[in-house]
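Inspection log for the structure reproduced underneath, given as structure tokens.
Order of listing sets the numbers, starting from 1, for every ligand and every atom in it. This is a predicted model, so every value here is computed, not measured. Values below: all heavy atoms of this structure, side chains included; hydrogens, waters and symmetry mates excluded.
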Amino acid sequence: MSEQPPISGATRLAAVIGDPVRHSLSPAIHNAGFTALGLDWRFLALPVAKGRGVDALDAMRVLGIDGYSVTMPHKAAIADGVDRLMPAARALSSVNCVRREGSQLIGDSTDGLGFVRALEAQLDRSIVDATIGIIGAGGAARSIVDAAARNGVARIVVVNRSPERAAEAAALAPVAEVGRPADLSPLDIIVNTTSVGMLGGPAPDQIPIDPELLRPEHVVADIVYQPRMTRLLAEAAARGATIAGGVGMLVHQAAAAFEWWTGRPAPLEAMAAVVVEGDPLAT
Ligand code: ATR
């Protein structure tokens, strides 16, 4: 591990903006990355109230902050406020990271790419030509529809409680369609993007689909990472399926932003280690 220089006049700053943001794991993840590479960068959590996202962009220009991670409730407002959008952010009208190039601010959305990279790393194969079922149709689902399509999946089926939102998510990609839970069974990959099963969420310890739909051939992923082993993953594992938890997406979406800001390959192991170690709720 390289030595990180002490804070000086040359130190560069990145931050996560959101509300609430004090619980964010992003500072721990990114600072671990900077430390591992010996980069003279630091990362803070900055609480920014709803409606003040564009002011935070002005602050970035004025203060020379080099990168933002963007979380609730600013993802759409920041997409409107930056000078330029990368393709995924433009498709989604949503930004989860901003990079400053002089006075120009550029927005991107790395959540979906983070999911794809995490899954491909775990499976040690690409998802090209795979078929994928996505449970849910919120921001996370939309980012995965977009990224899965960009990364060459053959077919995407979106299953959601509210069918109109499912249709909006499926409209993001020509290979995507709306389906019912029973349509998930023949697919290769099934991913839960809802908060069902999340500790502290509206339906903790619940499962978003009938576990009878799960088979040993499936890869079952959950973007929920608290707890590590959601009920969906436990039921899938009990039926012999391959399972993938939510920490991978969390780390890989951060890694993609880290690489964009710093121009350096992200030290994935160091960044992942703090999530596992620093999370008292993990099981
Ligand atoms: P995010 O941006 O994190 O994806 P979101 O936009 O609030 O969050 O979306 C949450 C998703 O979880 C939606 O698909 C939501 O279903 P609806 O579109 O029908 O609201 C889904 N969801 C949340 N709670 C749920 C529950 N108890 N049962 C089924 N789906 C649920």
Side-chain donor-acceptor pair present, Ser109, Asp111, cut-off under 3.5 Å: no
Verdict with reasoning, Trp41 to His30, per ring-ring contact (aromatic ring centres under 6.0 Å, His included): CA-CA 9 Å; Trp41 285 64; His30 286 291; 9.6 Å; no
Show me a pair-per-line table, with atom names and distances to 0.1 Å, of protein N or O atoms that are under 3.5 Å from an N or O of ligand 1.
{"residue": "ligand 1", "atom": "2 (O)", "partner": "Gly139", "partner atom": "N", "Å": "3.0"}
{"residue": "ligand 1", "atom": "4 (O)", "partner": "Gly139", "partner atom": "N", "Å": "3.2"}
{"residue": "ligand 1", "atom": "4 (O)", "partner": "Ala140", "partner atom": "N", "Å": "3.0"}
{"residue": "ligand 1", "atom": "6 (O)", "partner": "Arg165", "partner atom": "NH2", "Å": "3.2"}
{"residue": "ligand 1", "atom": "14 (O)", "partner": "Ala137", "partner atom": "N", "Å": "2.8"}
{"residue": "ligand 1", "atom": "14 (O)", "partner": "Asn160", "partner atom": "OD1", "Å": "2.7"}
{"residue": "ligand 1", "atom": "16 (O)", "partner": "Asn160", "partner atom": "OD1", "Å": "3.3"}
{"residue": "ligand 1", "atom": "18 (O)", "partner": "Asn160", "partner atom": "ND2", "Å": "2.8"}
{"residue": "ligand 1", "atom": "18 (O)", "partner": "Ser162", "partner atom": "OG", "Å": "3.4"}
{"residue": "ligand 1", "atom": "18 (O)", "partner": "Arg165", "partner atom": "NH1", "Å": "3.0"}
{"residue": "ligand 1", "atom": "19 (O)", "partner": "Arg161", "partner atom": "NE", "Å": "3.0"}
{"residue": "ligand 1", "atom": "19 (O)", "partner": "Ser162", "partner atom": "N", "Å": "3.1"}
{"residue": "ligand 1", "atom": "19 (O)", "partner": "Ser162", "partner atom": "OG", "Å": "2.4"}
{"residue": "ligand 1", "atom": "20 (O)", "partner": "Arg161", "partner atom": "NH2", "Å": "2.8"}

Neighbour count >12 (heavy atoms, 6.0 Å) for atom CD, Glu101: yes
Sequence neighbours excluded, every pair satisfying ring-ring contact (aromatic ring centres under 6.0 Å, His included) that has a member inside residues 237-258: Phe34-Phe258
Sidechain N-carboxylate O distance under 4.0 Å for Glu259, Arg117: yes
Residues, nucleotides or ligands: over 12 heavy atoms within 6.0 Å of Arg52 CZ: no
